[in-house]
Chemist: 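Just dropping this structure here.
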Amino acid sequence: MRLSAYFLPTLKDTPTEAQILSHRLMLRAGMIRQTSAGIYAWLPLGHRVLRKIEQIVRSEQDAAGAVELLMPTVQSAELWRASGRYEDYGKEMLRIRDRHDREMLYGPTAEEVITDIVKGTLKSYRDLPRTLYNIQWKFRDEIRPRFGVMRGREFLMKDAYSFDLDFAGAKRAYQKMFLAYLRTFARMGIRAIPMKADSGPIGGDMSHEFIILADTGESAVFCDRRWVEWDVLASAPAYDQDLEPFFADATGIYAATEEKHNPDTCPLPAEQLVTARGIEVGHIFYFGTKYSKPLGAVVAGPDGNPVTLEMGSYGIGVSRLVAAVIEASHDDAGIIWPESVAPFKVGLINLKSGDAACDKVCADLYDVLRTAQVEVLYDDREERPGVKFADMDLIGLPWQLVVGPRGLKAGTVELKNRATGERLELSQDSALERLTS
RNA sequence: CGGGGGGUAGCUCAGCCUGGUAGAGCAUGGCGUUUGGGACGCCAGGGCCGCAAGUUCGAAUCUUGUCCCCCCGACCA
């Protein structure tokens with residue numbers, strides 16, 4: 001993409017409404033624009049990151065055997081009356097009336113809808129187990145939205161729902177998602193720690209929050225130092241293996257949110273305890289027959305008798321993750337994207353647009369990179385070098401390929417690693433080789 | 001929802017107390033000088049001072065109402 005033809009409204013000043021770092025950086029990097037309190041438009045750069053994160057979530061859900069579908073944002077109040085949550089959910093639910101004065105709502109979650117879909121379709125124990133998921137916009141009318149997309153009212157969420165015949169099956173489904181979550185977050189370059197959690201208004205009794213450590217996190221968390229050092233992907237089993245030992249190991253390492261942590265009964269010696277702040281990026285629940293029972297979701301069991309489905313639900317805050325990754329990865333100059341979620345892999349900087357030699361070399365590099373399927377943002381604007389460097393650092397692409405008259409005289413281009421700051425003077429070919437290998 | 005702060009140019013803000021021709025910096029357009037880490041000079045464009053009513057000869061400024069935004073608290077993927 002040529003920057004001169006892109007839409008990247010970066011800001012030099014920090015808009016006053018933004019308080020936390022990720023919000024400021026997202027606004028300054030031209031990723032989002034607020035349209036109402038807690039509601040945001042995703043500008044091209046932010047949209048690319050959102051899609052990258054969504055795709056990682058999707059591919060790991062698929063790998064774990066979950067099946068994707070897409071449910072509506074607007075739901076009928078009728079279903080929620082049946083589960084008893086229409087009243088329980090209170091003012092956090094955005095209620096709408098259609099032209100016939102029917103009561104509708106903008107879905108804050110989808111347990112009712114999915115259960116209703118499934119109940120006429122999963123008929124026999126032979127149809128189980130099943131885990132279905134969708135990635136869809138949700139709306140919760142928070143009393144006070146804040147922190148940008150970290151705590152918006154409208155947010156993109158992956159929500160999965162498991163259906164099993166019995167507790168043993170439900171537990172296995174739960175463990176699969178537990179593993180899928182650890183893998184998903186690790187693939188985004190962040191470390192999410194599963195912590196025992198309250199089940200909240202959604203209900204249930206087996207529940208973990210996945211929390212990433214960041215200085216600007218919303219709540220205090222406490223965990224065993226081992227969590228910070230553990231390479232999850234190295235020790236993780238495959239999804240079709242027995243997950244019980246891994247699950248037992250992982251849940252055996254201490255980790256607790258502020259509400260669950262008691263300094264007096266904490267089993268860890270002080271030097272082993274990490275005290276930090278955390279951001280919740282995922283939450284998994286087992287809740288048994290809470291929705292299947294009132295909504296009548298039953299299948300025929302092996303003996304022919306009806307069995308009420310055992311369910312769990314599993315959420316990941318996709319849009320929140322964009323901000324969470326930034327909270328976990330930035331410096332004074334701006335964002336530092338992990339390569340897996342970066343909007344582009346390479347920023348190609350032409351230090352002297354209009355200079356024949358610079359233009360030619362940049363055009364060549366740009367073509368080669370694109371042909372090699374490397375995502376590249378080419379800053380071909382007629383701006384001063386300082387502006388280009390500052391913008392590129394701000395938007396945080398993992399690699400900067402800098403082409404200027406000084407280097408070309410010596411036959412080199414400069415390759416800068418955004419994360420480490422390391423700069424290498426290389427020939428065009430060896431720079432390309434590093435970026436395309 | 002309780003408590004606090006705020007809406008003036010695209011962005012950051014001054015002006016309001018004490019009513020009298022609407023300002024600065026940055027950004028934008030033009031010209032010139034610059035050109036490896038957010039350049040400099042000159043010129044130009046850009047505003048229903050959130051909206052409505054009131055007080056007044058006269059309102060960005062005072063009064064009332066209303067909408068919106070931000071912060072603190074309870075609530076949360």
Side-chain angles (χ1 to χ4, degrees), chain A residues 9-20 23-24 27-28 30 33-39 57 89-93 107-110 135-160 181 192 197-202 207-212 218-219 257 259 278-285 313-324 332-334 349-355 358 381-394 400 402-410 412-414 416 421 423 425:
Chain A
T10 56
L11 305 173
K12 213 149 72 164
D13 292 319
T14 302
T16 35
E17 77 256 22
Q19 297 299 314
I20 62 163
H23 190 193
R24 290 180 177 174
L27 288 167
R28 287 194 51 217
R33 177 98 25 123
Q34 177 168 305
T35 60
S36 296
I39 301 178
V57 171
Y89 229 94
K91 292 196 152 185
E92 228 173 68
M93 184 188 293
T109 176
I135 301 174
Q136 178 62 291
W137 293 93
K138 306 287 192 297
F139 195 96
R140 294 185 189 169
D141 200 357
E142 298 281 345
I143 297 169
R144 183 153 91 89
R146 60 184 126 176
F147 305 148
V149 298
M150 187 80 83
R151 179 100 171 269
R153 293 193 292 173
E154 186 180 55
F155 55 97
L156 187 62
M157 177 180 172
K158 185 283 299 181
D159 43 320
Y181 276 35
D198 281 327
S199 44
I202 229 164
S207 169
H208 285 88
E209 287 178 7
F210 287 77
I211 291 185
I212 71 168
E218 301 181 82
S219 52
T257 57
E259 302 80 51
I279 300 167
E280 184 184 350
V281 290
H283 202 158
I284 59 179
F285 305 88
S313 84
Y314 314 89
I316 290 180
V318 175
S319 48
R320 163 180 281 196
L321 270 167
V322 178
D332 290 344
I349 300 180
N350 185 342
L351 284 183
K352 197 167 183 181
S353 294
D355 176 87
C358 287
R381 295 174 301 171
E382 297 201 5
E383 287 287 352
R384 301 175 62 79
V387 173
K388 297 190 176 189
F389 285 129
D391 269 346
M392 205 54 90
D393 283 347
L394 175 63
Q400 295 175 12
V402 182
V403 176
R406 203 170 75 191
L408 289 188
K409 220 171 274 176
T412 62
V413 294
E414 184 180 292
K416 176 180 159 185
R423 300 150 188 263
E425 300 280 342

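Everything numeric in this text was worked out from a predicted model, so none of it was measured. Here is the naming used below: chain letters follow the sequence lines, and residue numbers restart at 1 for every chain.
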Chemist: Roughly how many Å is it from CD in A/E382 to P in B/U28, rounded to a whole number?
Modeler: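 Distance check: A/E382 CD to B/U28 P gives 13 Å.
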Chemist: What I want to find out is whether A/R151 reaches A/E142 closely enough, with some N-O distance under 4.0 Å, to be called a salt bridge.
Modeler: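 A salt bridge is present here (some side-chain N lies under 4.0 Å from a carboxylate O).
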Chemist: Taking the nucleotide of RNA chain B with the nearest heavy atom to each, does A/H23 or A/F155 sit closer to the 5' end?
Modeler: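 Checking each residue's closest nucleotide, the 5'-ward one belongs to A/H23.
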Chemist: Taking atom P in both B/G50 and B/G37, compute the distance separating them and give it to the nearest angstrom.
Modeler: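 Nearest-Å result for B/G50 against B/G37 at atom P: 42 Å.
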Chemist: Provide the closest heavy-atom pair for A/W137 versus A/E154 in the form atom of the first, atom of the second, distance.
Modeler: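 Nearest pair, atom of A/W137 first, then A/E154: CE3-CG, 3.9 Å.
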Chemist: Both distances below 3.5 Å, Watson-Crick or wobble geometry, any strand: find the nucleotide opposite B/G23.
Modeler: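 Paired with B/C13.
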Chemist: If you assign each of A/E142 and A/A18 to its closest nucleotide in RNA chain B, which residue comes earlier from the 5' end?
Modeler: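 On the 5' side of the pair lies A/A18.
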Chemist: Would you please confirm or rule out a distance under 4.0 Å between OP1 or OP2 of B/C70 and any side-chain N or O of A/R146?
Modeler: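 No, outside the criterion.
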Chemist: Whether A/R423 and A/E414 form a salt bridge (side-chain N of Lys/Arg under 4.0 Å from carboxylate O of Asp/Glu) is what I want to check.
Modeler: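 The answer is yes: the pair qualifies as a salt bridge.
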Chemist: Could you tell me how far B/G54 sits from B/U61 if I compare only their P atoms? Round to whole Å.
Modeler: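 So the two P atoms sit 14 Å from each other.
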Chemist: In whole Å, measure the gap between the P atoms of B/C68 and B/G29 for me.
Modeler: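 Going atom to atom, P in each nucleotide, I get 35 Å.
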Chemist: Are A/Q136 and A/D159 linked by a side-chain donor-acceptor pair shorter than 3.5 Å?
Modeler: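 Judged by distance alone, the side chains do not pair up.
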Chemist: State whether A/T16 places a side-chain N or O below 4.0 Å from either non-bridging phosphate oxygen (OP1 or OP2) of B/C13.
Modeler: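 So the side-chain polar atoms of A/T16 do come within 4.0 Å of the phosphate oxygens OP1 or OP2 of B/C13, strictly under.
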Chemist: Give A/S319 one of three labels, base, sugar-phosphate or nothing, depending on what nucleic acid heavy atoms sit under 4.0 Å from its own.
Modeler: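 If one applies the 4.0 Å heavy-atom cut-off, A/S319 turns out to touch nothing in the nucleic acid.
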Chemist: Ignoring the backbone of A/Q34, work out which of B/C71, B/C69, B/C76 is nearest its side chain.
Modeler: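 Closest nucleotide to the A/Q34 side chain: B/C69.
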Chemist: Could you pull out the closest heavy-atom pair between A/C358 and A/D355, with the gap in Å?
Modeler: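 Closest heavy-atom pair between A/C358 and A/D355: N-OD2, 2.9 Å.
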Chemist: Using the C1' atom as the point on both nucleotides, what is the distance between B/G23 and B/C57, in whole Å?
Modeler: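 Between the two C1' atoms, the distance is 26 Å.
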Chemist: Suppose you measure atom P in B/C16 against the same atom in B/G32; what distance do you get, rounded to whole Å?
Modeler: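 Nearest-Å result for B/C16 against B/G32 at atom P: 42 Å.
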Chemist: What is the distance, rounded to the nearest whole Å, between atom CD of A/Q19 and atom P of B/C69?
Modeler: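 In whole Å, B/C69 P and A/Q19 CD are 15 Å from each other.
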Chemist: Roughly how many Å is it from NZ in A/K91 to C1' in B/C76, rounded to a whole number?
Modeler: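 Spelled out: NZ on A/K91 to C1' on B/C76 is 17 Å.
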Chemist: Starting at CZ of A/R24 and ending at C1' of B/U12, how long is that distance when rounded to a whole Å?
Modeler: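 Nearest whole value for this atom pair: 13 Å.
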Chemist: At under 4.0 Å between heavy atoms, how does the protein contact nucleotides 36-44 of chain B? Give one character per nucleotide, 5' to 3', with B, S or -.
Modeler: BBBB-----
Chemist: Take atom P in B/A52 and the same atom in B/A60, then report the distance between them in whole Å.
Modeler: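 One P to the other, the span is 12 Å.
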Chemist: Across all strands shown, which nucleotide pairs with B/G36 by Watson-Crick or G-U wobble geometry, both distances under 3.5 Å?
Modeler: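 Matched B/G36 with nothing under the 3.5 Å cut-off.
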Chemist: When all nucleic acid strands are considered with a 4.0 Å heavy-atom cut-off, which category describes A/G334: base, sugar-phosphate, or nothing?
Modeler: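 No contact.
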Chemist: Give the nucleotide from the list B/A74, B/G25, B/C75 with an atom nearest to the side chain of A/I143.
Modeler: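 Between B/A74, B/G25, B/C75, the one nearest the side chain of A/I143 would be B/A74.
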Chemist: Write down the partner of B/A52 under the Watson-Crick or G-U wobble criteria, each distance required to be under 3.5 Å.
Modeler: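 Its partner is B/U64 (Watson-Crick or G-U wobble, both distances under 3.5 Å).
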Chemist: Which residues pass the side-chain contact (heavy atoms from CB on, under 4.5 Å) test with A/D13, sequence neighbours left out?
Modeler: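 Counting only residues at least two positions away or on another chain, A/D13 forms no side-chain contact (heavy atoms from CB on, under 4.5 Å).
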Chemist: For B/G10 versus B/U28, give the span between their C1' atoms, rounded off to a whole number of Å.
Modeler: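 8 Å, rounded to whole Å.
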Chemist: What's the shortest heavy-atom distance between A/A192 and A/F210, and which atoms?
Modeler: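 Nearest heavy atoms, A/A192 then A/F210: CB-CB, 4.2 Å.
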Chemist: Run the side-chain contact (heavy atoms from CB on, under 4.5 Å) check on A/I135 and A/L156 step by step: do they pass?
Modeler: CA-CA 7 Å; A/I135 301 174; A/L156 187 62; 3.9 Å; yes
Chemist: By side-chain contact (heavy atoms from CB on, under 4.5 Å), which residues pair with A/Q19, not counting sequence neighbours?
Modeler: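 Expected list: none.
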Chemist: Counting only Watson-Crick or G-U wobble pairs whose two distances fall under 3.5 Å, which nucleotide matches B/G47?
Modeler: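 When the pairing criteria are applied, nothing turns out to pair with B/G47, so the answer is none.
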Chemist: Given that both distances must come in under 3.5 Å, which nucleotide forms a Watson-Crick or G-U wobble pair with B/C31?
Modeler: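 The answer is B/G41, by the H-bond criterion.
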Chemist: Rounded to whole angstroms, how far apart are CD on A/E17 and P on B/C71?
Modeler: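 Atom-to-atom, A/E17 to B/C71, this comes out as 9 Å.
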Chemist: What is the distance from CD of A/E383 to C1' of B/A27, rounded to the nearest Å?
Modeler: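 Taking atom C1' of B/A27 as the reference, CD of A/E383 is at 11 Å.
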Chemist: For the base of B/C76, is there a side-chain donor-acceptor partner from A/R151 under 3.5 Å away?
Modeler: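 Checked by distance alone, the answer is yes.
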Chemist: Will you find, in the side chains of A/K388 and A/S353, an N or O donor that is under 3.5 Å from an N or O acceptor?
Modeler: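 Yes, because at least one side-chain N or O of A/K388 sits under 3.5 Å from a partner of the opposite role on A/S353.
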Chemist: Whom does B/C75 pair with, Watson-Crick or G-U wobble, provided both distances fall under 3.5 Å?
Modeler: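 Pairing partner, where one exists within any strand: none, as none qualifies.
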Chemist: Between B/C1 and B/C76, how many Å separate the two C1' atoms, rounded to a whole number?
Modeler: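 It comes out at 16 Å once rounded to the nearest Å.
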Chemist: Whole angstroms only, please: what is the CG-P distance between A/D13 and B/U12?
Modeler: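 Checked: the CG to P distance equals 7 Å.
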Chemist: For A/I39 and B/A77, give me the distance from atom CD1 to atom P, rounded to whole Å.
Modeler: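 It is 19 Å, rounded to the nearest whole Å.
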